[in-house]
Amino acid sequence: MSRASELGSEMTGEDVAFGDTLVEVDGLKKYFTQESGLLSGLSIDTDEFPPISVGRQHVKAVDDVSFEIRRGETLGLVGESGCGKSTLGRTILRLLEPTEGRISFKGDDLAELDGEALRQKRSEIQMIFQDPQSSLDPRMKIGQIVEEPMRAHDMLDDDGREQRAKMLLEKVGLDPHHYNRHPHAFSGGQRQRVNLARALSVNPDFIVCDEPVSALDVSIQAQVLNTMEELQEEFGLTYLFIAHDLSVIRHFSDRVAVMYLGNVVELAEKEELFENPQHPYTKALLDSIPVPDPRERGARGVLEGEVPSPLDPPSGCRFRTRCPRLIAPEGYEWTDEEWEHARTFMRAVKRRTFEPMTAAETRAEFFGGDLPRGEAGEIVADAIDLVATDRDNGDDAELEDGVNWAGATERLLESFAEESICSQERPDYEIEPQYGTGVHRAACHLHR
Amino acid sequence: MAEPLLRVENLKTQFFTDAGTVRAVDGISFEVHEGEIVGLVGESGAGKSVASMSLLRLIESPGEIVGGEITYKGETIFGLEEGPDGDLQRRDDMLSNEEMRTRIRGNEIAVIFQDPMESLNPVFTVGGQLREFIELNRDLAKREAKREAIRMLREVGIPDPEQRYEEYPHQFSGGMRQRVLIAMALACEPSLIIADEPTTALDVTVEGQIIELVDDLQEKYGTSFIWVTHDMGVVAEICDRVNVMYLGEIVEQAPVDDLFHATKHPYTNALLNSMPRPDRTVEELDPIEGVMPEAISPPSGCRFHPRCPDAREVCQRVHPEAKVVDQADGHSHRAACVKHDVFDAGYDESVPLEAEPQVTAGTPGGGEDR
């Protein structure tokens, strides 16, 4: 353990130069199986024989994600709840077992390491969690809390550890005399500083920060963010900064990755991503944030519907079911306007957002009276008939009020949505950046 | 100007704890006019939730409203007068608990809370709860109430409402549950809705959808809102007028544009400067020094002075009551800071207090190089 004790005083990342790749994630997947009970794997389908089948469903929390993080930078990872950003962070740390893919850290594949080798590697990678309350043991003094990782990695002797803990407490903006206090005596912002000191104690190169400031008030948030920035400079840290708050991400990151439903949909340098977003999801996210300026009241709530289930995510581009720019399927002749009407109608039928009316009324409501020409028009007309109130659907007991929502939905989705390139191929394109020179990747077929 | 819908004068709510008296709300005054969205903004511990619950007299022991007057449409929700023995006692014209329950809450003033899961009963269907609420409050027959419930669900943008009517709260997403609560709040067509951090737990795209919905519904029904939040972005987006609270007091009160563009109180200013922005890159954040003190022993003089960059000696002594410092759009702009001339407290001659203990951010000019 002689090497480990040296780590107490020196940087360990000297073998990777600043700006070179420190962490590389390649094709990383994390699937969870749903197996909460003995019979949970069983599914019953009375239409088939035998009616019971055994099969596990997978929650595809992180699905084929690749990116790199350079030494000394902050990569922001942003997305809405359930998009898989925390799972990704934990998988990179190997707190969760990756299903597939490679996590290279200074050349070693973390996904392959186990046992003692992995344990040792962990001193170089640390994590800070969202809730400063529950990530500190209330029965321990903060001095012990900060020393704990050093003890686990057999770093320094008792005196050395205490000295280092006090030094770190001061670095993170706490009074070193508070060494003997318990966490309850500290406010939320101060507790997050204790977490920072603990993470720094083993002299890591890389820290995964999972929503580190989202539980804090805005004025405290700024204090902690500033401290994190100073520490990054002083200790040469590399951060993976996970957050849902785009303002914080914009302030804190050098490059930003946007996640949606287990995929990274866009990745670019900060200025480029915020000023020149190229994925419709990123644009929608940016349009939704309330800007703290009443003269900037603008577009909002531009996204329809909700995030689909990660159990059965959409094929191709995962955002296509909500995308305002879903590409028109080939094989039909229509104008942009006609396709826009058809798309709106298709989604309204799928979500059943309108009250059934007569065929003529539906036509007027969604198409201004004129259906698209040719085959597309015939399909739309069929679908309108299926949901119209003035059409005789017979005495089918399955139908609500004689309206065949399911039939119309199937007809429209099969003919239009499934035929779009968006549902057939998974997009990944590189774009010429307008700001800076960094790589700009956008997973959207509009850039094909 | 027409008589306001709601008038709050010098409201004080205190909690009597073993450690002492917590002055959670300490003499706040504001008005809500018809069709207005009024913001109540502040950090945690500022007293904004206690203030809004006081309006409905929903303060439980050890808390108590100890002073002030709340008038709603000419009726007294809370008011005190001096009794024969010199003690303060509740006024005769104050609405009884019974009247508050049957006439005011829900029917006249409705509430939307932050966590929709806690406001819905998990063992009953969403539709059933909404129907029962409509049935009881609007005196409708069961079938009519059901039709009305489904209409309301569609109104707040819940797809396939007939189907979702039969589902349980856990089958709804957070955004959809919040829509159900909005439907419930609107069901009795109240004149005022108190929304307590209604979008805080939601994702930003869902928050956008909810704000949009509230905006549309407000236009359609003309309902007034008190919007309680900590998020200045949401305030800028939706409010007409804003009250900024700090440690139990309203320190600034202004039409929304003036609050952001002609800020009069150092706290509001500091709050705006400490925020990262989504619309531009801020290189350096300018945090507010220290933390908000406890409401149990607030600082002397101006409560913000220990953290205030503009604090001078006089700020330790003089406690400023909010005064009109400007007029805009026919509304007064009030601020509780003695640096304004109307206070005439000798601020200009007073000695500045010691500079802040730590300097973390650069000068404001440093943020411009991008």
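Chain identifiers are assigned alphabetically (A, B, ...) following the order of the sequence lines, protein sequences preceding nucleic acid strands; residue numbering begins at 1 within each chain.
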Short N-O contact, D257(B) and R295(A), less than 4.0 angstrom: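 Salt bridge between D257(B) and R295(A), a charged N being under 4.0 Å from a carboxylate O: yes.
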Under a plain distance cut-off of 3.5 Å, with no hydrogens placed, do [Y] and [X] share a side-chain donor-acceptor pair?
X: E271(A); Y: T281(B); answer: yes
X: E80(A); Y: T205(B); answer: yes
X: R277(B); Y: S247(A); answer: no

When you measure from the side chain of [X] to the backbone N and O of [Y], does any donor-acceptor pair fall under 3.5 Å?
X: E207(B); Y: S288(A); answer: no
X: Q223(A); Y: G290(B); answer: yes
X: N226(A); Y: L285(B); answer: yes
X: R351(A); Y: P159(B); answer: no

Working to the nearest 0.5 angstrom, can you tell me the gap between [X] [atom1] and [Y] [atom2]?
X: R154(B); Y: T353(A); atom1: CZ; atom2: OG1; value: 8.5 Å
X: E237(B); Y: E296(A); atom1: CD; atom2: CD; value: 10.0 Å
X: D160(B); Y: W405(A); atom1: CG; atom2: CH2; value: 7.5 Å

Under 4.5 Å from any heavy atom of chain B - which part of Q190(A):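 For Q190(A), neither part sits under 4.5 Å from chain B.
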Interface moiety of F252(A) toward chain B, non-hydrogen atoms closer than 4.5 Å: neither
With N263(A) via side chain to side chain donor-acceptor pair (under 3.5 Å) - residues at least two apart: none
Pairing residues for S49(B) by the side chain to side chain donor-acceptor pair (under 3.5 Å) criterion, not counting sequence neighbours: D196(B)
Option that, when pairs with chain B are counted at under 4.5 Å, heavy atom only, ranks first among [options]:
options: L225(A), V248(A), D293(A), V307(A); result: D293(A)
options: G189(A), A284(A), P294(A); result: P294(A)
options: P292(A), A222(A), S187(A); result: P292(A)

Ignoring hydrogens, what is the shortest heavy-atom contact between [X] and [Y]? Give both atom names and the distance.
X: H251(A); Y: P276(B); value: CB-CB, 3.7 Å
X: D203(B); Y: S81(A); value: OD2-OG, 2.5 Å
X: R297(A); Y: A236(B); value: NE-O, 2.8 Å

Top residue by heavy-atom pair count (under 4.5 Å) with chain A, among [options]?
options: M176(B), H230(B), H261(B), M275(B); result: H261(B)
options: V206(B), L272(B), L271(B), V234(B); result: V234(B)
options: S173(B), G45(B), G157(B); result: S173(B)

Greater than 12 external heavy atoms within 6.0 Å of E170(A)'s CD: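 Counting other residues, nucleotides and ligands, CD of E170(A) stays at 12 neighbours or fewer.
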Residue E294(B) excluded, over 12 heavy atoms near CD under 6.0 Å: no
Residue from V291(A), I249(A), L285(A) passing side-chain contact (heavy atoms from CB on, under 4.5 Å) with P278(B):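 Option passing the side-chain contact (heavy atoms from CB on, under 4.5 Å) with P278(B): V291(A).
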Side chain / backbone / both / neither for E43(B) at chain A, heavy atoms under 4.5 Å: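 Looking at E43(B), backbone and side chain both touch chain A.
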Any S219(A) side-chain heavy atom under 4.5 Å of R307(B) side chain: yes
